[in-house]
Amino acid sequence: MNVVDLARKHNGYRESCANLIASENVTSPAVEEAYGLGKDLGHRYAEGENEVAGHPVSRHYQGQRYIKQVEAATADLLHEVFGTDFVEPRAISGCNANQAAFRGLTDLSHKSMMMAVALPSGGHISHDYAGLAGQMIGLQTANFAYDEEAMNIDVEGSKEIIRATKPGFVVFGASLFPFPHPIEELAPVAREVGAFVVYDAAHVLGLVAGGQFQQPLDHVDFVTASTHKTFPGPQGGVILGRVKGDERLERAARGIQRAVFPKSVSNHHLRRFPALGVTALEMLEFGEGYASMVVNNAKAAAETLHDEGLNVLGEDLGFTESHQVVVDVRELGGGTEVAERLEEARIILNKNLLPYDELGEEADPSGIRIGFQEVTRLGFDVADTRYLCRLLVRALRGEPSAVKEEVTEFVKDRDVRYGFSSLEEAEAHLPAPD
Ligand SMILES: Cc1ncc(COP(=O)(O)O)c(C=O)c1O
């Protein structure tokens, strides 16, 4: 086996596919170049302490003359996008961001109970007793009440559970996330019982940046996220907040920082920082247009699939407000069979538990989840999206291999949009070098 050849084959394969996994994306030429520019940073260490704003205050090794400034400049670009004063960009993934937030807040609250969306309703394994929260941090997890029809947290039922369980913190946000969560209604109830309020924006950070989804930072204490899903940057994590002037939140932010370094990260993968900064710049420039096109495409896809006879969930609510479309495919053989059939047509998406599935049915759940953030980045408009959805239905109803060529022809050789085409173009938007 030749690892280099295999990596080349992988590239060719996924470039020939319509990539509809809701947690993935592609980076722009400028972000690719910035990642290349970070080559030496990718050889280095920079352990030390940060200010709450994300600016390094101490670094324990020599050689940091510019590293500190790269980190501070990246933090400042993120502040500009999100209007924050706390940023922790050293989390190396969304899970690591959750780990640090959950650890930091647990150390402060001294409570062993947290609350999140249940796994079948779309919660992430890192929020669950079976995953990071329970098995790595030792937390008990209570779940929000969930309204299967509305595909959302049930407000009245959840108020009761929050008051009864008095968690140290609650976590909004999920992996199956078509509709905004009721943070305005429930954050005050969480605060009544002394809980911190976290929002996991791993999936929707790019939509938040583009102002096209709910704005969690207006209502919650901390946002955790990945930087590579709807936010189309290098793979990594981030934690954000507005904490200045609130002594309790500042203390929490410092605890969260310590839960990144020194508690869980030694090398924060510095190579990604210039690429992360350039992605933030792209969001400032193109984020609104990008995010609104993503949501338009997802809505158009849902309508098309529904009109073609598929059981798209959320009909009464307009199917989706995010990048995701959720389909019950039991009548077509179930999530596993459908996802595998579609791969034969070079349409890549994932099977997914639906809110009425039982835990334990992960191997063959009732649904599929489809994300439109990546094809939008590749320039898909509503007509393109509808066409792809019709190909998808043809692949399911007929012989998948019969539509494979059409799919590949349709997706190939597309430029990345809503980003800078070169680092030179990006740099024109940055302050002149000293
Ligand atoms: C809601 C949610 N949180 C956290 C994560 C983990 O993010 P990462 O893969 O960056 O660790 C995911 C992954 O898809 C997710 O859906």
Query raised in the report: Under 4.5 Å between any side-chain heavy atoms of Asn96 and Val265, yes or no?
Result: yes
Query - Ionic contact status for Glu406 with Arg394, cut-off 4.0 Å - result: yes
Query - ring pair (Phe, Tyr, Trp, His ring centres under 6.0 Å) partners for His306, two or more places apart - result: Phe319
Query raised in the report: What ring-ring contact (aromatic ring centres under 6.0 Å, His included) pairs are there with at least one residue in residues 218-244, not counting sequence neighbours?
Result: Phe86-Phe222
Query - For His203 against Thr230, the heavy-atom pair lying closest together - result: O-OG1, 2.7 Å
Query raised in the report: Any idea which heavy atoms bring Val193 and Lys111 closest together, and the distance?
Result: O-NZ, 3.3 Å
Report task. May I ask you to decide whether Arg330 forms a salt bridge with Asp328, counting only side-chain N to carboxylate O separations under 4.0 Å? Result -> yes
Report task. Give the C-alpha distance, both sets of side-chain angles, the deciding distance and a yes or no for salt bridge (Lys or Arg N to Asp or Glu O under 4.0 Å) between Lys159 and Glu185. Result -> CA-CA 9 Å; Lys159 281 182 183 171; Glu185 294 84 343; over 6 Å; no
Query raised in the report: If you draw a 6.0 Å radius around CE in Met113, do more than 12 non-hydrogen atoms from other residues or ligands fall strictly inside?
Result: yes
Query raised in the report: Side chains of Cys17 and Val411: does their closest heavy-atom pair fall under 4.5 Å?
Result: no
**Report entry** Salt-bridge present (Glu160, Arg163; N to O < 4.0 Å)
**Finding:** no
Query raised in the report: Between Gly334 and Asp364, which heavy-atom pair has the shortest distance, and what is it?
Result: C-OD1, 3.9 Å
Requested in this report: Flag the pair Arg254 and Asp107 as a salt bridge only when some basic side-chain nitrogen lies within less than 4.0 angstrom of an acidic carboxylate oxygen.
Outcome: no
Query - ring pair (Phe, Tyr, Trp, His ring centres under 6.0 Å) partners for Tyr356, two or more places apart - result: none
Query raised in the report: Checking side chain to side chain donor-acceptor pair (under 3.5 Å) for the pair His124/Asp200: CA distance, chi angles, key distance, verdict?
Result: CA-CA 9 Å; His124 189 251; Asp200 183 339; 5.3 Å; no
Query - Lys/Arg N to Asp/Glu carboxylate O, Arg251 vs Glu247, below 4.0 Å - result: yes
Query raised in the report: Going through the distances and angles, do Leu41 and Val70 end up as a side chain to side chain contact (heavy atoms under 4.5 Å, CB included)?
Result: CA-CA 10 Å; Leu41 287 161; Val70 166; 4.3 Å; yes
Requested in this report: Go through the steps for Leu217 and Leu240 under the test side chain to side chain contact (heavy atoms under 4.5 Å, CB included), then give the verdict.
Outcome: CA-CA 8 Å; Leu217 285 150; Leu240 300 158; 4.3 Å; yes
Query raised in the report: Are Glu425 and Ser421 close enough that a side-chain donor and a side-chain acceptor fall under 3.5 Å?
Result: yes
**Report entry** Listed once per pair and sorted, the side chain to side chain donor-acceptor pair (under 3.5 Å) pairs that draw on residues 166-175, sequence neighbours left out
**Finding:** none
Query raised in the report: Do you know which of Tyr290, Phe410, Tyr418 makes ring-ring contact (aromatic ring centres under 6.0 Å, His included) with Phe380?
Result: Phe410
Query raised in the report: Between Arg377 and Glu282, is there a salt bridge with N-O shorter than 4.0 Å?
Result: yes
Query raised in the report: Under the ring pair (Phe, Tyr, Trp, His ring centres under 6.0 Å) test, which residues partner His268, sequence neighbours left out?
Result: Phe273
Query raised in the report: Pick from Val220, Asp221, Val198, Val197: which one makes a side-chain contact (heavy atoms from CB on, under 4.5 Å) with Phe169?
Result: Val198
Requested in this report: Begin with the C-alpha distance, continue with both residues' side-chain angles, and end with the deciding distance and a verdict on side chain to side chain contact (heavy atoms under 4.5 Å, CB included) for Gln214 and Ile183.
Outcome: CA-CA 9 Å; Gln214 65 191 153; Ile183 48 179; 3.4 Å; yes
**Report entry** Side chain to side chain, Lys229 and Leu205, heavy atoms closer than 4.5 Å
**Finding:** no
Query raised in the report: Under 4.5 Å between any side-chain heavy atoms of Pro167 and Thr141, yes or no?
Result: no
Query raised in the report: Would you say Val171 and Met115 make side-chain contact, with heavy atoms under 4.5 Å?
Result: no
Query raised in the report: Mind checking whether Lys351 and Val338 have side chains closer than 4.5 Å, heavy atoms only?
Result: no
Report summary line: ring pair (Phe, Tyr, Trp, His ring centres under 6.0 Å) filter on Phe82, not counting sequence neighbours, yields none
Query raised in the report: Is Glu303 salt-bridged to Arg386, cutoff N-O under 4.0 Å?
Result: yes
**Report entry** Heavy-atom pair of closest approach, residues Ala30 and Leu423
**Finding:** O-CD1, 3.6 Å
Query - Neighbour count >12 (heavy atoms, 6.0 Å) for atom CD, Glu308 - result: yes
Report task. Please name the pair of heavy atoms, one in Ala174 and one in His181, separated by the smallest distance, quoted to 0.1 Å. Result -> CB-CE1, 4.1 Å
Query raised in the report: Around Glu192, counting heavy atoms of other residues, nucleotides and ligands shown, do more than 12 lie under 6.0 Å from its CD?
Result: yes
Query - Carboxylate-amine/guanidinium contact Glu343 Arg346, below 4.0 Å - result: no
Query raised in the report: Is Asp218 salt-bridged to Arg242, going by a charged N under 4.0 Å from an acidic O?
Result: yes
Query raised in the report: Do NZ/NE/NH1/NH2 and the carboxylate oxygens of Glu24 and Arg14 come within less than 4.0 Å?
Result: yes
Query - For the student: nearest non-hydrogen atoms of Phe179 and Gly314, plus distance - result: CZ-O, 4.1 Å
Query - Note, His127 side chain near Val117 side chain (heavy atom, < 4.5 Å) - result: no
Report task. Evaluate the criterion side chain to side chain contact (heavy atoms under 4.5 Å, CB included) for residue pair Ser121 and Leu176; output intermediate values, then yes/no. Result -> CA-CA 7 Å; Ser121 311; Leu176 197 71; over 6 Å; no
Report task. Give a yes or no on this: more than 12 heavy atoms of other residues, nucleotides or ligands lie within 6.0 Å of atom CZ of Arg417. Result -> no
Requested in this report: For atom CD of Gln215, decide whether the heavy atoms of other residues, nucleotides or ligands shown that lie under 6.0 angstrom number more than 12.
Outcome: yes
**Report entry** Over-ring placement of Arg271 relative to Tyr35, 6.0 Å and 45° cut-offs
**Finding:** yes
Query raised in the report: Would Asp381 and Asn297 satisfy side chain to side chain donor-acceptor pair (under 3.5 Å), going step by step from the backbone distance to the final call?
Result: CA-CA 7 Å; Asp381 59 15; Asn297 280 343; over 6 Å; no
Query raised in the report: What do you reckon, is CD of Glu148 surrounded by more than 12 foreign heavy atoms closer than 6.0 Å?
Result: yes
